[in-house]
Amino acid sequence: MTSLAAAEVIAFAPSTDLDRSRRFFGEVLGLEIVDVTPFACVVRNGGTMIRVTAMEKLVPQPFTVLGWAVADIAGTVAELASRGVEFVRYEGIDQGDNGVWTTPGGDMVAWFTDPDGNVLSLTEFVR
């Protein structure tokens with residue numbers, strides 16, 4: 001039996017406008033654009049491939065569909081905000097001025113959306 005434990009993970013995110021997504025993931029988030037076809041905009045984030053897949057229409061989900069573990073969430077939030085990324089605030093969650101929420105365990109999380117409204121997140125884990 002083949003084990004998936006050694007296989008590379010491919011992440012997927014839907015988009016109704018691949019050109020807009022290419023600009024967002026490539027220029028705003030700074031990810032490497034690997035390929036653009038009529039069906040997908042493929043980006044690479046370190047060792048992970050993200051296929052931003054063309055959809056005629058989509059309904060964004062109310063939860064994170066793609067996230068990054070970062071070493072310095074405050075710095076990453078500031079950098080992305082300087083590039084025009086707006087961080088989401090959720091009612092009932094005590095988020096700091098920069099939109100970062102500290103979990104009861106001490107991890108820190110910030111959420112933002114891509115141009116299609118997909119929820120993306122940054123997490124700084126307490127080690």
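One is the number of the first residue; the rest follow in order along the sequence.
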Contacts under 3.5 angstrom, residues 50-64 side chains, donor-acceptor by atom type, not counting sequence neighbours:
from, atom 1, to, atom 2, distance (Å)
T53, OG1, R51, O, 3.4
Q61, NE2, V59, O, 3.2
T64, OG1, W111, NE1, 3.4

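Once rounded to the nearest 0.5 Å, the distance linking CD of E124 with CG of D107 reads 8.5 Å. Atoms CE and CZ, from M49 and F12 in turn, are 8.5 Å apart once rounded to the nearest 0.5 Å. Atoms CG and OG1, from L18 and T37 in turn, are 7.0 Å apart once rounded to the nearest 0.5 Å. Rounding to the nearest 0.5 Å places CG of L66 at 8.5 Å from CG of N118. With values rounded to the nearest 0.5 angstrom, F112 atom CZ is found 4.5 Å from L120 atom CG.
In terms of modelled atom types and a separation under 3.5 Å, the side chain of T123 and the main chain of F125 share no donor-acceptor contact. In this structure, the side chain of D114 engages the main chain of D116 through a donor-acceptor pair within 3.5 Å. In terms of modelled atom types and a separation under 3.5 Å, the side chain of Q95 and the main chain of V88 share a donor-acceptor contact.
Partners of R23 according to the salt bridge (Lys or Arg N to Asp or Glu O under 4.0 Å) rule, which considers only residues two or more places apart in sequence or in another chain, do not exist here.
Following chains of ILVMFWY side-chain contacts shorter than 4.5 Å, one can reach L80 starting from I73, so the two form part of one hydrophobic cluster. Clustering ILVMFWY residues whenever any of their side-chain heavy atoms sit less than 4.5 angstrom apart, transitively, puts F25 in a cluster other than the one holding V34. Hydrophobic clustering, with ILVMFWY side chains joined whenever heavy atoms are under 4.5 angstrom apart, keeps V119 apart from L122. Residues V85 and Y90 do not share a hydrophobic cluster, defined by chaining ILVMFWY side chains whose heavy atoms lie under 4.5 Å apart. L29 is connected to V100 through a chain of hydrophobic side-chain contacts under 4.5 Å among Ile, Leu, Val, Met, Phe, Trp and Tyr, so both are in one cluster.
For R83 against E27, the heavy-atom pair with the smallest separation is NH1-O, 4.3 Å. In terms of heavy-atom proximity, V109 sits nearest to S121 at CG1-CB, 4.4 Å. Contact between F87 and A110 at its shortest, heavy atoms only, is CD2-CB, 3.9 Å. A pairwise comparison of heavy atoms in R89 and G96 identifies NH2-O, 2.6 Å as the closest pair. Residues D72 and G75 share a closest heavy-atom pair of OD1-N, 3.0 Å. In terms of heavy atoms, M108 sits closest to T102 at CG-OG1, 3.6 Å.
Surrounding CD of E86 are at most 12 heavy atoms belonging to other residues, nucleotides or ligands under 6.0 Å away.
Applying side chain to side chain donor-acceptor pair (under 3.5 Å) to W68 and the options N45, T48, T76 leaves one that passes, N45.
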